[in-house]
Structure formats: structure tokens, C-alpha cells
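Here is the structure we will look at.
Because the structure is a prediction, the values reported are computed rather than measured. Atoms within each ligand, like the ligands themselves, are counted from 1 in listed order.
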Amino acid sequence: MSRILLVEDDESLLFEVRRAIEHEGHQVVGVETIGEARQALDADGFDLIVLDWGLPDGSGVEFCTELRQAGENASILMLTGRSLPAEKVQGLDSGADDYLTKPFHLKELTLRVRSLVGRSQRPLQRQVIETKDLVLDEGKRLVTKKGTPIELTIKEFALLEFFMRNRDRVYSLDELLNHIWVAEEEAAPDTVRTHIKNLRKKLDNPGEESVIQNVHGFGYRFIG
Ligand code: CA
């Protein structure tokens with residue numbers, strides 16, 4: 001397990017990147033500003049810093065240069081929306097070890113993280129959850145229904161994982177929103193409804209009771 005500091009001011013990206021890196025078995029501290037990053041680095045050592053270029057209180061590249069001048073020896077992975085070659089050179093000149101241009105696939109990110117923190121790392125919390133027809137493999141981020149892989153979006157996966165871990169319990173829309181869409185301002189109860197609808201489409205057997213039951217007046221219960 002490595003300790004990773006993630007500095008990213010886009011809340012939903014912070015959430016998803018944190019989740020992806022935690023799934024690799026690492027410990028992640030997530031912050032949204034350079035100021036918070038400084039505090040975290042003062043308090044603790046990190047093996048890797050994943051650093052966004054554009055932050056509310058300054059430039060990630062300048063911060064990276066500053067860290068190197070101060071003798072910081074953690075690996076640094078820069079995240080940025082800018083992909084011009086000259087800027088790429090500037091990014092690496094600042095002392096970053098690697099560079100990832102947004103938008104990127106989380107898979108690409110986890111591969112870079114793996115190569116920066118060492119290939120010997122093994123996920124700690126790889127876990128497989130099984131119900132009647134479904135198998136969810138957290139480590140592989142794979143869901144199968146009677147052996148057939150089901151393609152899910154990141155949020156559908158997160159929602160299903162939550163349901164499978166808390167089978168037979170009833171959750172209101174607000175509770176689901178708070179568990180799965182943490183700190184995402186655009187998410188609303190309708191977002192949850194849409195994801196439940198999509199999960200049902202992907203998971204239910206035609207003509208049979210849905211794996212996600214409506215509990216009238218209360219919310220939803222997973223019975224799959
Ligand atoms: Ca940013």
C-alpha cells in the first residue's frame with residue numbers, strides 16, 4: 001500500500017480518481033487546493049502526489065517546481081486539460097514524473113499510478129460479492145450475471161456495489177444520493193431514479209420481479 005496525495009479541485013473527478021486509486025489498495029488523501037496540499041504534506045509523507053494543473057489558488061506546475069526545490073521526493077503525476085507539446089515539456093521540466101491529459105480513462109490513470117508506485121503493489125481490499133445470479137468483483141471492477149459480463153458505468157457500478165453490500169435493506173432516494181454521489185452538486189433524486197432504471201434494464205430477467213424493489217413511501221431495496 002502506498003500513500004497518495006490527490007490534489008484536484010473538480011469534485012466529481014476527485015471522487016472518481018480517489019475511488020479508482022483506493023481500489024488499487026492505496027491510501028488516498030484528497031484535497032482541492034494548493035494550500036490544503038501544503039498542510040497535508042507538512043503533516044505527512046506521501047509516495048505519490050497526483051496534482052492537477054489548474055487549481056483555485058495557483059498553478060499545479062509552479063507548485064510542483066516549488067516542491068522539487070524544497071527537496072520533495074515523492075513521485076508526481078500531473079493532470080491537465082492542456083495537451084500542447086510545449087506545455088507537456090514545461091510540465092515535465094517542473095519535476096513531474098509523468099503527465100496525463102484530461103479527459104482520461106480511469107484505467108489509464110491507475111496504470112500510471114501503478115508504474116509510479118511500483119509494480120509489486122497488490123490491491124488490499126479486492127473483494128468479490130455474490131448474490132443469486134450476480135457476481136461483483138471489486139478489484140477487477142467487473143459484474144457478471146450468470147457468468148455473462150454486464151457493462152456498467154462507474155456510478156451504476158458504485159450503486160450496485162452499495163446495494164449488494166446492503167442487501168434487503170431499504171434506502172430512500174436521499175440516502176442513495178448521499179452515499180453514491182458524495183459532494184456532487186449536480187446530482188439530484190432524478191439522477192438516482194435514472195440510474196436505478198438503467199440498472200434494472202441491465203440486470204432484470206424479462207417477466208420476473210425486478211432485483212431492485214420499490215418499497216412504497218420508503219425507497220428501494222435490493223433483492224437480487
Ligand atoms: Ca482544475
| query | Where do Leu177 and Ala187 come nearest, in terms of heavy atoms and distance? | reply | CD1-CB, 3.7 Å
| Counting backbone and side-chain atoms alike, does Gly54 have an N/O/S atom under 3.0 Å from the Ca ion (ligand 1)? | yes
| request: Taking the six-membered ring for Trp and the full ring for Phe, Tyr or His, determine whether the centres of Phe162 and Tyr171 are under 6.0 Å apart. | output: yes
| Judged by atom type as modelled, is there a donor-acceptor pair below 3.5 Å linking the side chain of Arg3 to the main-chain atoms of Asp47? | no
| query | So, is Asp10 placed with an N/O/S atom under 3.0 Å from the Ca ion (ligand 1), counting both backbone and side chain? | reply | no
| request: Would you mind naming the N, O or S atom of Asp9 nearest to the Ca ion (ligand 1)? | output: OD1
| task | Examine all N, O or S atoms of Glu8, backbone included, and report whether one is under 3.0 Å from the Ca ion (ligand 1). | result | no
| field | Test side chain to side chain donor-acceptor pair (under 3.5 Å) applied to Asp10 and Ser12, step by step | value | CA-CA 6 Å; Asp10 176 331; Ser12 71; 3.3 Å; yes
| What is the name of the N/O/S atom in Asp52 that sits closest to the Ca ion (ligand 1)? | OD2
| request: Decide salt bridge (charged side-chain N to carboxylate O under 4.0 Å, His left out) for Glu66 and Arg38; before the verdict, give the C-alpha distance in whole Å, the side-chain angles of both, and the deciding distance to 0.1 Å. | output: CA-CA 11 Å; Glu66 179 196 314; Arg38 278 206 181 92; 2.7 Å; yes
